[in-house]
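Within every chain, numbering begins at 1; the chains are lettered A, B, ... in the order of the sequence lines, protein sequences first and strands thereafter.
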2 protein chains.
Amino acid sequence: MTFITISEVGPRDGLQSIKPVMPLEAKKAWIAAEAACGVPEIEVGSFVPPSLLPQMADTAELVRFARGIEGLNVVALVPNAKGAARAVEAGVHGFSAPFSMSETHSIRNVRKDHTQMIEEIRAMGRIAAEAGAHFAVGLSTAFGCTIEGAVPQATVVRMAAASIEAGAKELSLSDTTGYADPAQVRRLVRAVRAQVGDALTTLHLHNTRGLGLANALAGLDEGITTLDASLGGLGGCPYAPGASGNLVTEDLVLMLNAMGYKTGIDLEKLLKVRAILAEALPDEPLYGFTPDAGVMMDYQERIAQ
Amino acid sequence: MTFITISEVGPRDGLQSIKPVMPLEAKKAWIAAEAACGVPEIEVGSFVPPSLLPQMADTAELVRFARGIEGLNVVALVPNAKGAARAVEAGVHGFSAPFSMSETHSIRNVRKDHTQMIEEIRAMGRIAAEAGAHFAVGLSTAFGCTIEGAVPQATVVRMAAASIEAGAKELSLSDTTGYADPAQVRRLVRAVRAQVGDALTTLHLHNTRGLGLANALAGLDEGITTLDASLGGLGGCPYAPGASGNLVTEDLVLMLNAMGYKTGIDLEKLLKVRAILAEALPDEPLYGFTPDAGVMMDYQERIAQ
């Protein structure tokens, strides 16, 4: 039975995409409740300047809180070496840095071209190594970019190799724009793994065009072992073109558990955690189908097999 | 390039699941508009007693209308030999009959056990053969039943073989209850095809738990060549537990076209057909992500490959 790691990124990717700021106590309750369902890893926030993202201002405090939860892998997102230093100071188990495969997007977004980003990754790698923290690079816009359009597969493969050479211990492919289709997922995962092997573990998918779980399935077929997801698909808004929610954790757990993958997550318990989001963010839509439909009648038989 | 047939079942499965009756003229406009996008097959209605389903009372008239559209394969659902006679009289190219793999469900729903259903299929097969119409059997509740729970795979395989022996020319597996997971789809498609070969062409999936497109992908991997879908996922209501929409045609077409399958369907044109539904059924929710997000920037490049 293959173990698939579900990494809950809602407290970071979900919350940073919405206007309201979730109160610290609600974030703690959410993180604690998901961990109690068996979610093995939570990205609790990001170390960006609070002036840019006030939603993430309490990330250091959340890291300290989450480190008190036994068995939970506590990770955060960092945009650069400065953020990496703050992350290890707060005590993360690991951190990940986004690296945009669309150079135009990278320059516009963080004012660094690919060469400069590789040097930043090298600096972050040193910080991680000194602190004994795990360091992952997320190859963002890997499936296409809203500015450049198609991103050449060869670029992604080359930047994946360069990231590893610069000190990344693990890679993820991010469908930042919701452009991925299952055939492309298979091709790209295969090509990157041919270059860097098992260092590519993760897919970070958005459900912008409804293809999220199909893309996840395609990734699993190619050896992906970690999937990012967000409870209630928080942060996505299908009515605002271009906005895009993550995979919905609840539906992903249903799919994996029913298929016989081991996630360690108690789905029926997880479905109740949505109430924390609904209460703390009453105006935010929550997505997912399983929360409304419930598990199938023979769910317990399926997961017992 | 593999051709995948998308069979639009909204005018039947979508409309029969909602309360309002769509006016005949709107139905005609919908069917004509989808056919004009290249949709190759439409299930225009079902030949059930109008007293049971007033939404389907105009099916014969729709068959005659749709037969006037060049290149369109016009099919209808029939519950029994009486319906089959009406279908061929109206002039369908083909008809399909649902056959519930859960015997309890079959008895409660159509008051026939499996043996009686096989005899009904034999009678329908004769009617089809005499009229030169195509005859398909849809193995419903094939992935589980809300009354019985799990449905044994061996039952489905046995009933598939019995249906073919009784005169069915083609089979579909229907996830009536939205219970299917991708691993189960692979197992069941493989097992049934091992028994009846290419006669199993079709999956009829519901998106009840959000797994619809992932299940479709799993089916394609096992040789499925026809997928049923409903424009706007019409008929599904995620807020009514147990209710369940079909695959959303728009998202399915995006996935298949982007992957490099040939569907013959012009997606950008198809997205505009939703307006017919929105206008004729203003109180019915329409589903799907692609209609809100639009196609990806490099969509034309993808489908050109």
Side-chain angles (χ1 to χ4, degrees), chain A residues 143-151 177-184 186 207-218 220-221 236-245 247-248 250-252 254-261 287-299 301-302, chain B residues 143-151 177-184 186 207-218 220-221 233 236-245 248 250-252 254-261 287-299 301-302:
Chain A
F143 298 91
C145 166
T146 50
I147 308 163
E148 286 194 9
V151 168
T177 53
Y179 275 26
D181 72 64
Q184 184 192 21
R186 285 178 179 149
N207 201 32
T208 317
R209 290 168 179 81
L211 274 51
L213 288 181
N215 287 333
L217 183 67
L220 292 170
D221 290 345
C237 179
Y239 303 103
S244 48
L247 284 191
V248 175
E250 298 91 316
D251 291 346
L252 177 63
L254 177 79
M255 183 172 93
L256 296 178
N257 284 1
M259 288 179 78
Y261 285 110
Y287 301 99
F289 292 84
T290 306
D292 292 312
V295 299
M296 47 286 260
M297 192 175 163
D298 61 334
Y299 174 72
E301 288 167 59
R302 286 177 198 232
Chain B
F143 298 91
C145 165
T146 49
I147 309 164
E148 284 194 8
V151 168
T177 54
Y179 275 26
D181 71 67
Q184 183 192 21
R186 285 176 180 152
N207 200 32
T208 318
R209 289 167 179 83
L211 275 53
L213 288 181
N215 288 333
L217 183 66
L220 293 170
D221 292 344
C237 178
Y239 302 105
S244 46
V248 174
E250 299 91 316
D251 292 345
L252 177 63
L254 177 80
M255 181 171 95
L256 295 178
N257 284 0
M259 288 179 78
Y261 285 109
Y287 301 99
F289 292 85
T290 306
D292 292 313
V295 300
M296 48 284 263
M297 191 175 162
D298 61 334
Y299 173 73
E301 289 168 59
R302 286 178 198 233

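Atom-to-atom distance recorded for L252(A):CG and L217(A):CG is 10.5 Å, nearest 0.5 angstrom. Atom CG of D181(B) is separated from atom CG of N257(A) by 10.5 Å, given to the nearest 0.5 angstrom.
Proximity to chain B (any heavy atom under 4.5 Å) is shown, for E250(A), by neither the backbone nor the side chain. With a 4.5 Å cut-off on non-hydrogen atoms, V295(A) touches chain B through its backbone but not through its side chain. For T146(A), the part lying under 4.5 angstrom from a heavy atom of chain B is the backbone only. With a threshold of 4.5 angstrom between heavy atoms, I147(A) approaches chain B through N, CA, C or O but not through any side-chain atom. Looking at N215(A), neither its backbone nor its side chain comes within 4.5 Å of chain B, counting heavy atoms on both sides.
With sequence neighbours left out, the side-chain hydrogen bond (donor to acceptor under 3.5 Å, both in side chains) criterion links Y261(A) to no other residue.
The side-chain heavy atoms of D221(A) and R186(A), taken from C-beta on, include a pair separated by under 4.5 Å.
Counting heavy-atom pairs closer than 4.5 Å to chain A, the top residue among G212(B), C145(B), G144(B), G149(B) is G149(B). Of the listed residues (A258(A), A216(A), P182(A), A218(A)), the greatest number of heavy-atom pairs within a distance under 4.5 Å of chain B belongs to P182(A). For chain B, the option among E148(A), M255(A), M296(A) with the highest count of heavy-atom pairs below 4.5 Å is M296(A).
Judged by distance alone, the side chain of R209(B) and the main-chain N or O of G178(B) form a donor-acceptor pair under 3.5 Å.
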Practice item. Give the C-alpha distance, both sets of side-chain angles, the deciding distance and a yes or no for side chain to side chain contact (heavy atoms under 4.5 Å, CB included) between N207(B) and D251(B). Key: CA-CA 12 Å; N207(B) 200 32; D251(B) 292 345; over 6 Å; no
